[in-house]
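Below is one structure; the comments refer to it alone.
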Amino acid sequence: MNVENGVHDAHYFVPAPSKWPLVGSISLFCLALGAAFWMNSVAAGPYILALGFAILLWMLFGWFGDVIRESVHGDYGKQVDYSFRWGMSWFIFSEVMFFSAFFGALFYMRVLSVPELGFGVGYHAETHGLLWPMFNEAWPMASGPKVDAYEAMSAWGIPAINTALLLTSGATLTWAHWGLIENKRGKLKLGLAATVLLGAIFLCLQAYEYHHAWGELGLKLSSGAYGATFYMLTGFHGMHVLVGAIMLTTMLVRVLRGHFDQHHHFGFEAAAWYWHFVDVVWLILFVFVYCV
Amino acid sequence: MSTTANPTIDLGAGHHDHAHDHDHDHHTLTGWRRWVYATNHKDIGTLYLWFSFAMFITGGLMALGIRAELFTPGLQFWQPEFFNQLTTLHGVIMVFGAIMPAFTGLANWMLPLMLGAPDMAFARMNNWSFWLLPPAALLLIISLFVPGGAAAGGWTLYPPLSLQFGMGMDLAIFAIHLLGISSIMGSINIITTILNMRAPGMTLMKMPMFAWTALITNYLLVAVAPVLAGAVTMLLTDRHFGTHFFKAVGGGDPVLFQHIFWFFGHPEVYIMALPAFGVVSQIIPTFARKPLFGYHSMVYATASIAILSFMVWAHHMFSVGMPATAQLFFMFMTMLIAVPTGVKVFNWIATMWQGSMSFETPMLFAVGFVCLFTVGGFSGLVLSIAPVDTQMHDTYYVVAHFHYVLVAGALFSLFGAVYYWLPKWTGNMYSERAGKFHFWWSMVWFNVTFFPMHFLGLAGMPRRIPDYPLQFTDFNAIASVGAFCFGLGQLFFLYNVIHTIRGGVGKAPANPWDSPTLEWEVPSPAPHHTWETPPDEALVKKGLAAQALE
């Protein structure tokens, strides 16, 4: 523990009163209310939702702008740096747990509920026999008794390419980090730009894959246990790639403006940690959603 | 700033404000801006505590609506649909709106003071954690007025019922999302504050038990709040986007929701109980005038409870259909939790043993907590037995059990905490007579309300029903009378607090209880800014020595 080793800032930086938390709360309230209205066909829904997004963007620019200004101004001491490291680590832990819920659902349906409905395991034989005797389970091609026919997504097309892209992006990002540590700004810029580019290509391919799956394979959110877990896991992962790519783009802009040096670049590192986390989630996803 | 030779000067803000005027002028706003733009942990703690009290009254009024309906058999006041909305919102509001924010508020107020930190680690995010709560509460209140009314499937939101409601359920889902974001940010903040902001000399194994329980509680929260968010997101997509997570027609299973929900839900139980243990572990040594007995075993017991809490969730689902091996596993794991909990109760009693005890209001609530929480723990042990639970599942026995641990447990510890720290917060003493009256009034009527529910449950009365057979009348009538009297007593609590804030009883000294923890080293009321430079190590060690930790 760093504080036990005597790392105490003489004056731990406590920010001045700020309007951004309140703005963020108003934004999330609008997003929640707007989404609930929209889903229930209340006419105002989309507008409230759009307003929420607009306020959210304003808040993100304002709040992170403040943080960057404080950082550049040198307000953050060693102890604040440790706080950021702890904070980011626990945030990523919470993200791991969020994905765990969906992976848990996948494993549960794959191992328990779909087989029980499909051919009646143990004392669930009656479930199969009485409810859906005609349902023959075949993951991933038939994952629910009353589901329109669909085709599953093959692992060895776009998904395999995407795996290679994300793994490469992890390497380019580390290469950029080395550049930062060695104070080679060109290497840093090049590596970071390559990473963002690879992330963007990943997202484009993912969008194409969805188009292909939805339109040509008939694979939809409603396509049984497989369709639900496929779209929710890859969808939430894709959203995280998008967020990670935005974070890295922000870092690229900051690098181009001359921010960060060899010793002070936690903003960069946090984005990198996040990117590697998203990378690892993809690997697990590739194995359990696409391959197995 | 160099460490002053005389630690008694190096205490509050008065000294530092002169030295750093330029730094902190902008830190104090007046009027409404002070509260909505706050970055001060004391202001935000105060916001949390008042918000949770408002929610406590709101959820309490809903409980009284339930008890009024159940006073006699037949339908008196509400249609069953609205009765179900009352039970659902009562649960959601009390859990997420009252108990959890109250403990977060306490952590906000007290952790920086107890650990010798200038503020929470992330002071600005701290305010966002709080200000997400009122919008979430607003969504829940709005949901009462949309077509179809509020969510009415119980706070557990089980499908398939929760897939069938109207917009009220969506608003509840989004409210839970906001509450979850608030919880995650709040818990990351508390964990980081504890890990990174302690005073020199205060190693992990020397910090106050309240800090330990806050650390472990918020570890649990950051682990399971995202899981709940995942569960309600799946509900949402099942409701509106055609997924089949909880629908057997598409290969899903309603029981899957129960598994995910209770993977969150059981640690959640300890999220509401562990900080109560921490509060009581601060109060009892103070009024027994002895160091906490078995500090290390307290820490390990808290950690054991937290780890075990991830492995017991299916004891909420014994009657749903599960292989016998799974039932046995979850039954034994649940029983195992009684061991570290027993260690804690033993340690509290051993702390009091041969102590020089006095019974001011905080101590009364703490001792009341130990007695009644133990009752709730024992009824929990009864419920953990799978074949017994098959009979008791979803009966009033369960209702009695969890109100013993949540009202006489979590809530009583919160009352104790408020009386214990009010002198530090307000600079004024409360009325001891009034406090004691509040305690005894609450103690009596709590038991009148909830003890008969054990009998109702054993006799087979199901929970969440607006009407019941005649043979349950007497105990229900008693419980309803008790509930209204208990509720009335809480208005007296509000009066007590306001009376104290206004200084009706007189000024409080810096350390009215002669307690050795760091929060008592700053003046009363605690200045707006405290410990802007870390406290002197000698001062920290003096307190630790008095707690037998040095």
Side-chain angles (χ1 to χ4, degrees), chain A residues 1-4 6 8 10-12 14-22 24-26 28-29 32-33 35-37 39-40 63 79 82-83 86-87 90-91 93-95 97-98 100-102 104-105 108-109 112-114 117 122 131 143-147 220-222 224-228 232, chain B residues 1 26-27 29 33 36-39 118-119 121-124 127-128 131-132 135 138-139 166-167 170-171 174 177-178 181 184 188 191-192 195-198 200 203-204 222-227 229-231 234 237 240-245 248-253 256 259-260 532-534:
Chain A
M1 293 294 148
N2 48 299
V3 288
E4 282 157 16
H8 282 93
H11 240 71
Y12 187 91
V14 178
S18 166
K19 66 171 179 286
W20 298 120
L22 185 73
S25 291
I26 293 169
L28 291 195
F29 177 75
L33 194 70
F37 277 4
M39 286 171 195
N40 291 279
W63 192 330
Q79 198 180 359
Y82 273 104
S83 284
W86 279 119
W90 286 102
F91 170 65
F93 174 66
S94 79
E95 292 271 40
M97 295 309 292
F98 180 77
S100 302
F102 288 91
Y108 182 94
M109 296 204 281
L112 296 171
S113 69
V114 174
L117 291 164
L131 290 179
S143 63
K146 293 255 180 190
V147 172
K220 305 204 156 82
L221 269 167
S222 56
Y226 175 74
M232 294 301 278
Chain B
M1 159 156 301
H26 60 277
H27 279 204
L29 295 171
R33 284 184 188 81
V36 295
Y37 296 167
T39 48
D119 206 296
F122 305 109
R124 201 163 24 203
N127 200 32
W128 201 17
W131 279 105
L132 281 174
L138 194 58
L139 288 174
M167 198 195 315
D170 297 316
L171 290 167
F174 285 121
H177 278 132
L178 296 195
I181 297 169
I184 291 168
I188 289 174
I191 292 172
T192 305
L195 292 179
N196 195 37
M197 306 284 283
R198 280 168 287 121
T203 58
L204 277 178
V222 80
V224 299
V227 176
M234 290 181 223
T237 57
H240 292 290
F241 301 103
T243 57
H244 294 103
F245 286 106
V249 282
D253 188 350
L256 169 60
H259 280 293
I260 305 176
E532 288 179 273
T533 53

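Since the model is a prediction, treat every value here as computed from it, not as a measurement. In the text below, chain A, chain B and the rest are named by the order of the sequence lines, each starting its count at 1.
For chain A, the nearby part of B:H240 is the side chain; its heavy atoms alone come within less than 4.5 Å. Residue A:M39 touches chain B through both its backbone and its side chain, counting heavy-atom pairs closer than 4.5 Å. Neither the backbone nor the side chain of A:W20 comes within contact range of chain B; no heavy atoms are under 4.5 Å apart. No part of A:S100 comes within reach of chain B, as not one of its non-hydrogen atoms sits under 4.5 angstrom from that chain. For chain A, the nearby part of B:L178 is the side chain; its heavy atoms alone come within less than 4.5 Å. With a threshold of 4.5 angstrom between heavy atoms, A:Y108 approaches chain B through side-chain atoms but not through N, CA, C or O. Of the atoms belonging to B:L256, heavy atoms from both backbone and side chain fall under 4.5 Å from chain A.
Contact record, B:M234 with A:A101: CE-O, 3.6 Å, taken as the closest heavy-atom pair.
With chain A as partner, the option from B:P118, B:A229, B:A223, B:A38 having the largest number of non-hydrogen pairs under 4.5 angstrom is B:A223. Between chain B and the residues A:F93, A:F91, A:F37, the largest count of heavy-atom pairs under 4.5 Å involves A:F93. Heavy-atom pairs under 4.5 Å with chain A peak, among B:L139, B:L171, B:D119, at B:L139. Considering only heavy-atom pairs separated by less than 4.5 Å from chain A, the leading option among B:I181, B:N127, B:I184 is B:N127.
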Practice task
Check the pair A:Q79, B:N196 against side-chain contact (heavy atoms from CB on, under 4.5 Å), reporting the backbone distance first and the verdict last.
Solution key: CA-CA 7 Å; A:Q79 198 180 359; B:N196 195 37; 3.8 Å; yes
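Atom NE2 of residue B:H244 and atom OG of residue A:S113 lie 12.0 Å apart, to the nearest 0.5 angstrom.
Within the 4.5 Å cutoff, the side chain of B:D170 has heavy atoms near those of the A:N40 side chain.
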